[in-house]
Amino acid sequence: MADPYESILKDTESGADSNSYISLSEAKTLAAQMGLASWTGKTDQQIDQALLRACIEIEAHRFHNAVKDVAAQALTFPRKVDYATPDVVRLAQVYQADWLMVNGEADRKQWEGAKASPMDAGVGSPLCPRAFTVLAKLISRVGSFKD
C-alpha cells in the first residue's frame, strides 16, 4: 500500500515559510460548499499544485494597505489593517485553483476577450474572473499587478 499523500501547503497565518492561504482540507471543503464539481476526481497532489499556483497568482497583485502584519511573514496577508487573512483571499485562492485545474495555465485572452480595454478591471491580471471579483476591493489600482 502506498504512503498517504502529505500536503506541501504551508498555510500558517503570518508564517515565514507560508506558501498558501488555505490548507488542502479547508480548500476541499470550501470547494464543495461552492459547488465546484471539477475538484471531484482530482488527486490531493493535483489540488495542492493548483493551490500553490493560485497563491502565486494572488501574490502578483498590489493590495491596498499591504503592510504585512509581521515583517518576516512570507505572504501579503494578513495585513496590519485586518490582522487576519480575509476569507475572500481564501475563496479567491480556491476559485483560481479551480480555474487552473479546469483550464491549465491561465490564458487571460480566454476571459478578457480580444477587444478588452486596458482600463477594464482585471485586464492583465493572472486571476480568473471569479477570483478577481472577490479580491477587487482589496486590489490597489484595479487592473494592475506587480511586474
Side-chain angles (χ1 to χ4, degrees), residues 5 7-113 116-147:
Y5 177 73
S7 177
I8 57 174
L9 298 178
K10 297 174 186 167
D11 67 317
T12 305
E13 189 100 352
S14 300
D17 65 345
S18 295
N19 61 9
S20 179
Y21 287 112
I22 193 165
S23 70
L24 177 63
S25 62
E26 290 171 322
K28 290 167 75 172
T29 299
L30 187 53
Q33 290 171 348
M34 300 308 292
L36 303 177
S38 63
W39 291 51
T40 304
K42 298 292 184 192
T43 67
D44 286 351
Q45 186 174 11
Q46 290 170 315
I47 295 169
D48 255 11
Q49 291 168 347
L51 287 166
L52 283 172
R53 180 67 190 174
C55 187
I56 290 167
E57 292 176 354
I58 289 170
E59 285 294 301
H61 285 78
R62 291 185 180 100
F63 293 93
H64 296 294
N65 302 314
V67 178
K68 296 176 181 181
D69 186 33
V70 178
Q73 77 186 47
L75 302 176
T76 301
F77 294 94
R79 304 167 301 165
K80 286 187 177 185
V81 297
D82 40 42
Y83 297 102
T85 301
D87 290 338
V88 294
V89 175
R90 290 183 183 88
L91 179 59
Q93 188 174 354
V94 168
Y95 278 152
Q96 186 66 14
D98 180 65
W99 171 269
L100 291 168
M101 287 189 291
V102 171
N103 298 293
E105 287 296 314
D107 179 357
R108 290 184 285 278
K109 288 186 175 63
Q110 290 177 349
W111 60 269
E112 280 180 1
S117 162
M119 300 307 289
D120 289 345
V123 172
S125 170
L127 298 178
C128 70
R130 290 180 299 175
F132 189 87
T133 298
V134 298
L135 286 178
K137 289 183 180 180
L138 300 175
I139 295 173
S140 178
R141 292 179 22 215
V142 173
S144 67
F145 62 102
K146 293 178 187 172
D147 297 327

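When reading the values below, keep in mind they use all heavy atoms of this one structure, side chains included, and skip hydrogens, waters and symmetry mates. Just so we're clear, the structure is a prediction, and the values are computed from it rather than from any experiment. Note that the numbering runs from 1 along the sequence shown for the chain.
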State, yes or no, whether a side-chain contact exists between Thr76 and His61 at a heavy-atom distance under 4.5 Å.
no

Any side-chain heavy atom of Gln33 within less than 4.5 Å of one from Leu30?
yes

Please assess Leu52 against Gln49 for the test side chain to side chain contact (heavy atoms under 4.5 Å, CB included), listing each intermediate value before the final yes or no.
CA-CA 5 Å; Leu52 283 172; Gln49 291 168 347; 5.5 Å; no

Are any non-hydrogen side-chain atoms of Leu100 and Glu57 less than 4.5 angstrom apart?
yes

Could you check if a side-chain atom of Tyr21 sits within less than 4.5 angstrom of a side-chain atom of Asp11, using non-hydrogen atoms only?
no

Residue pair Val88 / Tyr95, side-chain heavy-atom distance below 4.5 Å
no

With sequence neighbours excluded, what pairs up with Gln45 under the side chain to side chain donor-acceptor pair (under 3.5 Å) test?
none

Would you mind checking if Lys68 and Glu59 are paired as a salt bridge, meaning a charged N to carboxylate O distance below 4.0 Å?
no

Minimum-distance pair of heavy atoms, taken over all atoms of His64 and Ile139:
NE2-O, 3.1 Å

Gln96 (side chain) donor-acceptor with Cys128 (main chain) under 3.5 angstrom:
yes

Indicate yes or no: at least one non-hydrogen side-chain atom of Leu36 is less than 4.5 angstrom from one of Met101.
no

In a check of side chain to side chain contact (heavy atoms under 4.5 Å, CB included) between Ser7 and each of Asp44, Asp48, Leu51, Ile47, which one passes?
Asp48

For Asp87 and Arg90, what are the C-alpha separation, side-chain angles and deciding distance, and is it a side chain to side chain contact (heavy atoms under 4.5 Å, CB included)?
CA-CA 5 Å; Asp87 290 338; Arg90 290 183 183 88; 3.6 Å; yes

Check Pro86 against Leu138 and note the closest heavy-atom contact, atom names and distance.
CG-CD1, 4.4 Å

4.5 Å side-chain heavy-atom contact, Thr85 and Leu75
no

Output all residues satisfying salt bridge (Lys or Arg N to Asp or Glu O under 4.0 Å) with Arg79, sequence neighbours left out; order by chain, then residue number.
Asp82

Close side-chain approach of Ser18 to Gln73, heavy-atom, < 4.5 Å:
no

Report the residues that fulfil salt bridge (Lys or Arg N to Asp or Glu O under 4.0 Å) with Lys80, sequence neighbours left out, ordered by chain and then residue number.
none

